[in-house]
Amino acid sequence: MSEHNKKTNQPPTQSVHWADITADRIIREKGDKEYYTCASGVTPSGTVHIGNFREIISVELVARALRDKGQKVRFIFSWDEYDVFRKVPSNMPEPELLATYLRKPITLVPDTTGEFESYARRNEAAVETVLPIVGVNPEFIYQARHYRASEYAEGIRTALEHRQELREMLNQHRTSPLAEDWWPVSVFSNFTDKDTTTVLGWDGEWGLTYRCEETGKEETVDIRTTSAVKLPWRIDWPMRWAKESVDFEPAGKDHHSEGGSFDTAKHTVAVFGGTPPVTFQYDFVRIKGKGGKISSSSGDVVSIEDVLEIYTPEIVRYLFAATRPNSEFAISFDLDVLKIYEDYDRCERIYYGVQQVNEKKRAKELRNYELSQVDKAPGQIPYQIPFRHLCNMLLVNNGDIDAVIASLEDITEAQIPGLAIKCRCAWNWIKLYAPEDFTYTLQTENDPAQELSAPLSACVKNFSAVVEQLDAYDEKRLAEEIYAIAHAHDVLPADFFTAVYQVLIGKEKGPRLASFILTCGKARIHEILKRYT
RNA sequence: GGGCCGUUAGCUCAGCUGGUAGAGCAGCAGACUCUUAAUCUGCGGGUCGAAGGUUCGAUCCCUUCACGGCUCACCA
């Protein structure tokens with residue numbers, strides 16, 4: 001990296017990447033600290049989707065930026081599983097059974113598949129398994145555990161003490177003000193586990209009295225020992241900011257709007273003796289090109305696994321790192337996938353100095369590449385192969401990844417694992433999302449032979465003879481030869497092309513023929529053509 | 001009603017610490033009698049939504065307006 005200190009004595013690493021800028025802001029606004037706490041959190045009320053992931057990866061990237069500046073970071077991730085189960089998502093099995101658990105904390109809802117100890121745990125586990133794959137390793141905080149252990153008792157009491165103040169703050173943005181008898185807590189009934197309860201009073205210390213609306217029973221609980229009392233989201237959030245001393249936490253635009261929960265928490269956090277974290281707003285993630293092939297079981301939720309199925313972990317990071325958080329972008333499952341892979345490969349070439357660009361662009365791509373790495377960038381450039389070509393090789397080899405890799409003569413041992421992942425993604429994409437025109441299968445003896453007119457049949461025979469000498473041809477010469485064959489038999493080239501595609505892949509069109517033949521290799525083509533000779 | 005974001009080449013968008021714009025795709029031409037979003041090369045004058053302002057200078061800063069989108073005001 002060359003220094004260009006046009007200005008002051010700024011270090012040469014003066015990055016314009018949003019993660020670095022945010023990291024600088026955190027250090028500046030929060031001052032010198034032993035470590036900086038970066039927080040993220042999700043409510044596991046359903047499948048955690050790729051939109052939620054933007055939150056997580058945003059924190060990860062900022063955390064890494066801080067570490068790259070030599071700072072220590074505590075990256076916490078809160079599972080808000082003590083939140084009430086309000087609605088059964090459309091993609092969950094056994095919705096009727098789940099519906100009977102509405103109004104209870106998510107952590108008490110059973111996993112209807114029986115694989116996990118709870119519905120919440122099932123949703124959490126899916127994420128916890130996948131995050132390390134993309135290089136995200138936060139410290140998980142399970143809110144149910146904390147609430148049940150009454151670790152938030154002090155916070156709850158503080159909220160109760162500031163009841164009127166909180167009410168007024170929240171009322172600032174409400175159309176209808178909170179009732180006079182509003183309490184900044186919600187209570188899960190000890191009789192039903194549901195939050196259909198009414199707070200009747202608080203003794204000014206640790207005793208809270210409520211009535212369970214379903215049973216009509218009343219009781220007084222001790223905040224220091226009960227698991228029944230929880231803070232509602234808008235209060236819970238600032239309480240945790242104060243408790244964990246959160247220095248940075250982004251939020252979606254829904255929270256960030258004036259009157260949204262981040263906005264109110266920003267003010268109410270003072271009640272708990274804290275200050276609001278440095279933040280930014282991130283926009284939503286759209287999905288493109290996944291229509292039609294979504295399995296009914298996943299509804300229209302796109303999970304992180306769904307994305308990792310067709311994009312490598314590095315590219316998943318790249319997608320988010322290279323996009324400013326406050327702008328919306330689409331994750332594509334259609335032909336854009338090719339472009340994304342090519343963009344990333346280009347970024348990689350720039351990083352390894354294989355491709356030259358101007359200094360400004362280079363600096364930018366360099367940082368994007370670094371942040372996209374799950375770990376450190378490999379010492380040697382990963383094996384590069386155009387995604388489209390890779391797809392063709394996989395199609396020709398019927399998805400046999402080992403065969404594809406074995407056919408590459410210039411690949412090194414160290415490059416193989418990375419390419420294998422890329423191959424799996426490519427093959428998944430072909431199977432799941434590639435347009436029909438894009439895919440094909442080489443014909444076998446089990447497929448019916450094409451009936452060809454006499455001239456075309458002669459062409460194919462002639463072509464077969466050429467294939468016997470395939471080693472002698474390069475792409476250009478082979479292309480010329482194909483035309484020559486057509487002309488020799490007085491056949492229109494277009495008709496000959498169609499015939500060859502019919503014979504080879506049973507379709508009227510296919511990949512650019514000459515290069516396709518060479519990719520397939522003599523043996524495969526010969527195998528198909530032999531019954532036409 | 002409040003907040004946020006956008007409005008740049010036919011299309012999708014870059015351009016973010018101000019120095020009169022740049023990629024991909026499409027298009028055109030050629031290499032090759034070439035079919036596919038799968039070869040390579042060449043070709044980019046678009047009032048940077050409108051009007052004011054600051055400045056030696058604005059796509060980039062400020063103000064106002066128009067249009068589009070999202071979001072909050074119920075819960076998280």
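Only heavy atoms go into these numbers, but all of them, side chains included; no hydrogens, no water, no symmetry mates. Note on naming: letters A, B, ... go to the chains in the order of the sequence lines (proteins, then strands), and numbering restarts at 1 for each one.
With a 6.0 Å cutoff to the six-membered ring centre and a 45° limit on the axis angle, R163(A) does not count as a cation-pi contact of W182(A).
With G24(B), C75(B), C74(B) as the choices, the nucleotide that has an atom nearest any side-chain atom of R86(A) turns out to be C75(B). Comparing A76(B), A14(B), C74(B) by their nearest atom to the side chain of S176(A) picks out C74(B). The nucleotide whose nearest atom lies closest to any side-chain atom of E258(A) is, among U71(B), G3(B), G15(B), G3(B).
Put simply, T175(A) has a side-chain N or O that comes within less than 4.0 Å of OP1 or OP2 on C74(B). At G2(B), none of the side-chain N or O atoms of R174(A) fall inside 4.0 Å of OP1 or OP2 (strictly under the cut-off). Between R324(A) and G15(B) there is a side-chain polar atom (N or O) within less than 4.0 angstrom of OP1 or OP2.
In this structure, Y119(A) has its ring center under 6.0 Å from that of F85(A). Here the two rings, on Y311(A) and W429(A), have centers that are 6.0 Å apart or farther.
Judged purely by atom type and a 3.5 angstrom limit, D334(A) uses its side chain to pair as donor or acceptor with the backbone of D336(A).
Evaluation of the salt bridge (Lys or Arg N to Asp or Glu O under 4.0 Å) test over residues 315-330 of chain A, restricted to residues two or more places apart or in two chains, returns E60(A)-R317(A), R286(A)-E328(A).
The 12-atom threshold is exceeded at CZ of R174(A), counting heavy atoms of other residues, nucleotides or ligands nearer than 6.0 Å.
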| task | Both distances under 3.5 Å, Watson-Crick or G-U wobble: on that basis, could you give the dot-bracket string for RNA chain B, with [ ] for crossing pairs and | for other-strand partners? | result | (((((((..((((........)))).(((((.......))))).....(((((.......))))))))))))....
